[in-house]
J.: 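Here's a structure for you.
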Amino acid sequence: MPELCGIELSTPVINASGTYDAIAARSVFGDELLDDFPFSAFVSKTITPEPRAGNAPRRIWETPSGMLNSIGLPNKGLEGFLAEDLPRLAELPVPLIVSIMATTREDFANCVERVARRPEVAAIELNVSCPNVHSGLIVGENPSETEALLEALRPQTEKPLIVKLTPNTAAPAAVAAGAERGGADAVSLINTLKGTAVDPASGVPALGNGYGGLSGPAVRPVALEQVRSVRARVGLSIVGMGGISSGADAAEFLALGATVVAVGTESFRDPRAGSRVAAELECTLLSERSSAPALHLD
Amino acid sequence: MPELCGIELSTPVINASGTYDAIAARSVFGDELLDDFPFSAFVSKTITPEPRAGNAPRRIWETPSGMLNSIGLPNKGLEGFLAEDLPRLAELPVPLIVSIMATTREDFANCVERVARRPEVAAIELNVSCPNVHSGLIVGENPSETEALLEALRPQTEKPLIVKLTPNTAAPAAVAAGAERGGADAVSLINTLKGTAVDPASGVPALGNGYGGLSGPAVRPVALEQVRSVRARVGLSIVGMGGISSGADAAEFLALGATVVAVGTESFRDPRAGSRVAAELECTLLSERSSAPALHLD
Amino acid sequence: MTDSAPLPRPGAASRAPFGRRLCTTASSRDSGGYRVVSLVDREGPEPLPGQFYMLAAEDGWGAEDGRAFLPRAISVAETRVGAAGGGIRLDFLLDAVGPGTRALCDARAGEKIWITGPLGNSFASPREVAPGAAGAVLVGGGVGVAPLALLRRRFSERGVPHRVLLGFRDRAHSGGLDLFCGSSGALCPEVRLATEDGSQGVQGRVTDLLLSILAGDDAESGVVYSCGPPAMLEAVRALCADHGVACELALESPMACGFGACFGCAVPKPGGGYLRLCVDGPVLRGGQVGEVSHAYA
Amino acid sequence: MTDSAPLPRPGAASRAPFGRRLCTTASSRDSGGYRVVSLVDREGPEPLPGQFYMLAAEDGWGAEDGRAFLPRAISVAETRVGAAGGGIRLDFLLDAVGPGTRALCDARAGEKIWITGPLGNSFASPREVAPGAAGAVLVGGGVGVAPLALLRRRFSERGVPHRVLLGFRDRAHSGGLDLFCGSSGALCPEVRLATEDGSQGVQGRVTDLLLSILAGDDAESGVVYSCGPPAMLEAVRALCADHGVACELALESPMACGFGACFGCAVPKPGGGYLRLCVDGPVLRGGQVGEVSHAYA
Ligand SMILES: Cc1cc2nc3c(=O)[nH]c(=O)nc-3n(C[C@H](O)[C@H](O)[C@H](O)COP(=O)(O)OP(=O)(O)OC[C@H]3O[C@@H](n4cnc5c(N)ncnc54)[C@H](O)[C@@H]3O)c2cc1C
Ligand SMILES: Cc1cc2nc3c(=O)[nH]c(=O)nc-3n(C[C@H](O)[C@H](O)[C@H](O)COP(=O)(O)OP(=O)(O)OC[C@H]3O[C@@H](n4cnc5c(N)ncnc54)[C@H](O)[C@@H]3O)c2cc1C
Ligand SMILES: Cc1cc2nc3c(=O)[nH]c(=O)nc-3n(C[C@H](O)[C@H](O)[C@H](O)COP(=O)(O)O)c2cc1C
Ligand SMILES: Cc1cc2nc3c(=O)[nH]c(=O)nc-3n(C[C@H](O)[C@H](O)[C@H](O)COP(=O)(O)O)c2cc1C
Ligand code: FES
Ligand code: FES
């Protein structure tokens with residue numbers, strides 16, 4: 001039975017934050033969604049202390065084997081989330097992980113405390129791809145900023161704290177080590193790679209925000225390398241993600257040391273991708289166990 | 001007439017270091033190669049002070065819309081290059097740029113001086129994706145290391161010095177600014193993104209070296225964003241590259257501030273990709289000039 | 001109901017089965033510069049006019065420099081229950097503007113296409129919009145005529161009075177016109193055309209036709225239904241606002257998922273903030289949108 | 001000439017035109033578990049046995065999760081000068097093992113394929129290898145029989161004495177055997193088969209057949225030409241080394257470019273360092289390679 005920081009999971013496949021709105025999906029597909037929920041835990045879209053409308057369009061742009069997004073974390077804010085969304089997410093048949101981002105330690109600590117207090121919540125993911133308003137540094141690019149943040153948050157709860165690492169840094173393993181020192185239970189990686197594109201029709205950046213984050217199969221090799229390097233450095237649990245679209249892809253992450261995997265962009269192409277990846281993964285792992293890799297003579 | 005640091009070029013399209021062996025290509029295709037040489041300048045594969053055999057196979061692995069390589073800079077070393085290769089590269093109908101890497105400042109300075117002294121050489125590209133043997137830091141990940149290296153190399157020659165930036169860092173623009181302060185004439189970017197993959201047949205990393213560098217269309221959005229951020233910070237000339245496979249792709253780099261572009265991996269798919277990209281680019285630019293983007297009613 | 005209240009979401013009867021499914025292409029034919037691709041869907045419910053599907057060809061997807069990568073949102077243009085072999089025939093009208101629509105247009109009979117849907121809301125009937133409304137005016141341009149074809153058929157089956165105004169650039173760009181033909185093969189009598197070159201119908205824009213209707217007596221109690229390029233929709237929206245006529249606009253925006261997962265399809269609300277067009281639309285009431293702009297389309 | 005001197009590069013007559021070119025698929029047919037795809041090349045020279053081309057299908061390339069991305073190295077299995085409409089017909093024997101070979105096997109008559117080539121060196125004739133050599137022994141396994149088909153035809157046209165030993169797993173895996181048939185349609189008399197299940201020829205491995213020949217009187221003055229899976233090539237190499245018989249092995253290694261640009265196709269040299277198989281091979285003399293291993297194949 002797969003497990004993440006003490007949370008038992010029915011499969012090693014969860015969702016990537018911000019890539020599945022279970023409430024919207026239920027309104028679209030009905031309760032069929034709950035009967036065969038595609039993930040073994042549900043990670044919410046990142047919430048922030050205050051409500052956010054998100055970035056001006058255009059927000060998405062397709063790229064070779066991937067996509068750019070500059071969604072800009074639209075969300076109802078902490079209070080709106082706790083009041084309106086959390087009760088509905090609690091109806092999902094799987095453990096709930098809430099993703100949080102804030103720009104001061106105090107705000108971060110308050111969010112963690114308020115969210116962790118709710119019994120519906122199994123764990124908290126900390127999205128640290130944000131600037132520290134005091135130092136101006138992007139927390140997740142910096143090992144000591146990350147360590148200090150974790151030291152501030154750790155006392156707020158005994159529930160597992162998962163740090164979502166940013167891939168836009170020279171040494172994600174050093175940041176993971178900072179998270180470990182600060183008391184994190186797990187890291188999840190990768191978030192999106194910084195990227196942009198020019199709209200051929202206008203000759204200017206295609207996204208309203210000027211740039212965005214790259215996801216999808218295009219980034220999978222980068223994600224795998226970051227998982228490999230993080231695993232070499234820390235003993236924490238790892239949620240591996242980035243371009244997973246099949247069970248074979250998921251198996252690559254597990255082979256390099258991920259504890260569980262998350263499916264993001266692939267859910268846009270296939271709303272049940274999570275279940276499919278889990279099923280394919282089981283076949284892959286079964287066939288690996290039953291037969292050593294064979295060399296055929298012809 | 002496009003120009004790079006005072007070197008006049010017939011088109012804005014050159015090659016990416018290490019992705020075209022003009023000597024081998026001439027032995028394969030004959031002098032037809034010279035009659036329609038695909039690039040307006042030729043950048044050599046990176047040379048090092050001593051000869052290198054390169055990494056153990058497997059050296060390449062295909063990925064979604066891209067490839068991983070861990071070639072390991074096989075080369076004849078400085079002396080072998082100067083004696084055997086340079087005279088043959090001098091027969092190419094375009095200006096020659098020699099790419100150099102070393103792990104001490106002294107070695108780097110010696111290479112720059114020896115190469116720059118040769119009249120066949122128009123400019124030097126400094127591959128700084130290497131550790132400083134003294135500090136252990138990857139030079140190109142670090143603005144002050146890069147600045148210090150340039151300060152040591154700048155006195156060796158008046159020929160243009162182009163710094164090939166590594167993309168595996170949080171802020172390539174800061175490194176470019178370091179290069180500018182140190183006296184560089186241009187930066188080129190991006191080099192390959194760190195990446196890996198697992199061979200499904202064995203369950204272990206597919207490349208002999210464990211990991212490699214990702215190139216091809218998959219990385220184009222990342223390359224474009226780094227060009228954009230570097231252009232926002234420095235006034236240097238920029239050689240933009242990363243996944244360029246068409247004139248439209250090249251136009252995106254130019255729109256974001258690249259001075260010229262380089263074609264790498266696409267040459268593996270199409271040995272004349274350089275000429276094709278230049279021709280397509282000309283059409284793109286012409287049509288942009290002749291018509292403002294039009295909105296059709298139906 | 002106000003002009004800015006969102007349209008109700010479709011009920012369970014036209015709700016998408018959970019997940020994508022592989023459908024077989026029954027036929028594919030040219031239609032005045034566009035292509036009509038018909039699929040047989042053995043699982044889904046009958047869609048409502050204005051609803052759309054996310055489509056991805058099984059073969060050739062990703063084959064143009066790694067694109068198309070995401071599925072493509074396409075309105076259903078016509079349906080036929082009880083297609084040969086069971087299931088529902090879904091007709092899509094496609095304009096091959098890029099790698100995704102090209103791959104879909106290339107699908108030949110027997111080839112397979114992934115679909116998710118029906119998705120989104122649908123046009124309301126005039127009576128729901130404005131009780132006692134005189135009738136419906138359907139205004140379409142370009143490939144945007146697609147959802148109006150299905151809407152027209154439903155209105156005529158239900159005896160809802162309606163007129164149809166379609167605009168095209170010229171004869172070579174009059175795709176989908178055959179979707180507005182009755183069983184006789186002739187264009188339905190309620191359809192009026194405007195072409196910019198005057199080759200068919202009146203010379204001019206479809207909004208010229210609309211203006212002359214809105215200037216008429218019974219205009220205010222009618223409802224305008226429109227789909228087409230952003231500039232046309234904006235002209236329709238502004239005209240209706242000026243004349244105090246209710247309107248429903250089927251918009252487009254970039255969609256990665258179609259089921260509310262990606263937040264990519266944001267359309268600005270007049271008072272600030274954004275709608276997710278895939279779940280809050282694609283049909284919006286005039287009052288729900290500010291200026292319709294190419295920026296998010 | 002020693003067993004470790006590289007083979008000479010082909011002269012200008014079989015040099016690749018610069019760049020890739022789009023060729024039309026003339027036909028495509030099954031062949032014992034493999035597929036024979038024939039292209040018409042209007043520009044290139046006639047290739048030599050052992051040479052290869054880099055192939056990429058125009059349609060469907062990149063369509064399996066962004067792969068195949070790079071072109072694929074494929075040996076030429078047979079050629080016919082003066083194909084209908086001019087040009088040279090090039091036959092390739094393909095084993096559909098992944099996205100690239102699958103897309104190539106899917107090409108139907110009329111569909112287009114990008115080719116670059118002919119590339120690499122070629123097998124030498126026994127007389128060049130060892131003056132006065134008794135004859136040639138061709139040893140092939142699996143899809144590796146492809147280059148030996150062309151080599152056999154050339155030897156027989158030039159009256160070079162030769163025997164052909166082919167190994168397959170079973171009847172279902174005996175692809176390309178038809179390439180070794182004469183104009184009568186029957187297997188050429190110089191061909192001997194070994195199948196692991198004994199369904200055709202002798203039961204056992206093709207290296208068993210080779211061993212019995214090498215044990216014969218005139219063995220030392222012969223030359224062995226081989227192509228097949230790494231384990232087979234290694235067995236052939238070791239047998240020939242043990243018996244002091246010259247051999248030429250057509251190897252495989254991962255190739256991104258085929259023309260010396262990427263340095264991806266490295267094969268270790270016995271004394272250290274690496275060869276680039278695309279320009280220094282694909283045919284290597286026995287002495288040029290250490291143990292043939294799956295690690296670089
Ligand atoms: C609800 C809804 C219903 C629709 N109904 C229909 C219909 O019935 N029929 C129909 O034909 N269309 C319909 N569309 C439009 C259709 O979805 C688009 O035309 C389609 O997605 C375009 O995909 P493509 O790959 O063919 O073109 P793309 O290449 O995606 O080009 C179309 C536009 O996409 C943008 N784009 C995104 N990424 C890139 C990139 N990397 N490079 C270049 N351009 C890029 C550009 O703005 C370009 O102008 C509908 C859209 C929506 C939202
Ligand atoms: C000189 C030469 C001549 C050849 N001649 C022939 C011939 O005549 N006929 C023929 O059928 N073949 C021939 N080959 C072999 C042929 O080139 C390969 O079988 C082909 O490249 C495989 O491509 P693919 O996409 O079908 O399979 P791939 O999926 O590329 O799989 C084949 C192998 O590639 C590797 N691989 C690379 N990237 C990946 C990835 N991302 N995921 C999974 N696996 C990966 C694996 O090791 C796998 O086992 C020749 C090769 C060479 C070098
Ligand atoms: C549209 C979109 C929205 C995202 N929103 C969030 C978010 O709110 N919080 C977060 O931590 N990551 C967010 N991500 C990043 C994903 O969780 C994931 O790390 C990344 O997409 C890589 O995985 P993938 O390639 O499987 O999508 C988002 C990604 C996408 C594509
Ligand atoms: C096989 C291979 C070898 C390379 N060797 C070098 C090298 O020797 N020196 C260097 O600076 N960059 C090297 N690069 C990086 C390229 O110059 C280029 O920065 C990168 O590939 C991105 O461009 P592309 O996507 O067009 O290939 C190499 C890339 C590849 C794929
Ligand atoms: S298209 Fe993804 S949320 Fe609307
Ligand atoms: S295949 Fe590229 S160098 Fe040999």
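Residue numbers start from 1 in every chain, and the chains themselves are labelled A, B, ... in the order their sequence lines are given, proteins ahead of strands.
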J.: With a 4.5 angstrom heavy-atom cut-off, is it the side chain or the backbone of A/A56 that approaches chain C, or both, or neither?
T.: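 Both the backbone and the side chain of A/A56 come within 4.5 Å of chain C.
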J.: Go through the atoms of C/A68 and report whether side chain, backbone, both or neither lie under 4.5 Å from a heavy atom of chain A.
T.: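 It is both, since atoms from each part get that close.
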J.: For A/T19, is it the side chain, the backbone, both, or neither that has a heavy atom closer than 4.5 Å to a heavy atom of chain C?
T.: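 For A/T19, backbone heavy atoms alone lie under 4.5 Å from chain C.
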J.: If we define contacts as heavy-atom pairs under 4.5 Å, which of C/P99, C/A12, C/A16 has the most with chain A?
T.: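 Result: the option with the highest number of such pairs is C/A16.
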J.: Walk me through it: do A/E62 and C/R72 pass the test salt bridge (charged side-chain N to carboxylate O under 4.0 Å, His left out)?
T.: CA-CA 11 Å; A/E62 194 178 70; C/R72 298 301 194 245; 2.7 Å; yes
J.: Looking only at non-hydrogen atoms, find the nearest pair between C/F123 and C/V283 and report the distance.
T.: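 That would be CD2-CG1, 3.6 Å.
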J.: Is it the side chain or the backbone of A/R52 that comes within 4.5 Å of chain C heavy atoms, both, or neither?
T.: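 No part of it gets close to chain C.
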J.: Heavy-atom pairs under 4.5 Å with chain C are the metric here; pick the option from A/A22, A/S27, A/A218, A/G72 that has the most.
T.: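 The answer is A/S27.
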J.: How about A/S215 and A/T265: does a side-chain donor come under 3.5 Å of a side-chain acceptor?
T.: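 Yes, A/T265 and A/S215 have a side-chain donor paired with an acceptor closer than 3.5 Å.
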J.: Of the listed residues (C/G258, C/A256, C/C278), which shares the most heavy-atom pairs with chain A below a 4.5 Å separation?
T.: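 Sorted descending by pairs with chain A, the first entry is C/A256.
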J.: What residue, out of A/A24, A/A53, A/G54, A/P271, has the most heavy-atom pairs lying under 4.5 Å from chain C?
T.: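 Among A/A24, A/A53, A/G54, A/P271, the one with the most close pairs to chain C is A/P271.
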J.: Counting only N and O atoms by type, is there a donor-acceptor contact under 3.5 Å from the side chain of A/N15 to the main-chain atoms of A/V43?
T.: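 Between the backbone of A/V43 and the side chain of A/N15 there is a qualifying donor-acceptor contact (under 3.5 Å).
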J.: Select one option (side chain, backbone, both, neither) describing which atoms of A/N69 are under 4.5 Å from chain C's heavy atoms.
T.: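 When you check distances to chain C, no heavy atom of A/N69 falls under 4.5 Å.
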J.: C/P17, C/P10, C/G62: which one forms the most heavy-atom pairs within less than 4.5 Å of chain A?
T.: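 Option with the top pair count is C/P17.
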J.: Please rank A/D35, A/N55, A/D199 by heavy-atom pairs under 4.5 Å with chain C and give me the top one.
T.: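 Top option by heavy-atom pairs under 4.5 Å: A/N55.
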J.: What option among C/G273, C/C262, C/P71 has the most heavy-atom pairs under 4.5 Å with chain A?
T.: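 The option with the most such pairs is C/C262.
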J.: If you count heavy-atom pairs within less than 4.5 Å of chain C, which of A/G66, A/P217, A/S267, A/S70 leads?
T.: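 Result: the option with the highest number of such pairs is A/G66.
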J.: Examine C/Y274 together with C/F263 and report whether their ring centres are nearer than 6.0 Å.
T.: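 Centroid separation for C/Y274 and C/F263: 6.0 Å or greater.
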J.: Can you name the closest pair of heavy atoms from C/E111 and C/D106 and give their distance?
T.: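 The pair with the smallest heavy-atom distance is OE1-O, 3.9 Å.
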J.: Side chain, backbone, both or neither: which part of C/A56 has a non-hydrogen atom closer than 4.5 Å to chain A?
T.: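 Neither part.
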J.: C/F259 and A/Y20: aromatic ring centres closer than 6.0 Å?
T.: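 So the answer is yes for these two rings.
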J.: Using the rule given for salt bridge (charged side-chain N to carboxylate O under 4.0 Å, His left out), can you reason through C/E46 versus C/R154, listing the C-alpha separation, both sets of side-chain angles and the distance that settles it, and then say yes or no?
T.: CA-CA 12 Å; C/E46 203 183 345; C/R154 296 283 168 96; 3.0 Å; yes
J.: Between A/N127 and A/S99, do the side chains contain an N or O donor and an N or O acceptor separated by less than 3.5 Å?
T.: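 Result is no, nothing qualifies.
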J.: Between C/R9 and chain A, with a heavy-atom cut-off of 4.5 Å, which part of the residue counts as in contact: side chain, backbone, both or neither?
T.: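 Contact with chain A is through the side chain of C/R9 alone.
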J.: For C/L70, is it the side chain, the backbone, both, or neither that has a heavy atom closer than 4.5 Å to a heavy atom of chain A?
T.: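 Both parts, backbone and side chain.
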J.: Does any donor atom in the side chain of C/S28 or C/R35 lie under 3.5 Å from an acceptor atom in the other side chain?
T.: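 On atom types as modelled, these side chains qualify, holding a pair under 3.5 Å.
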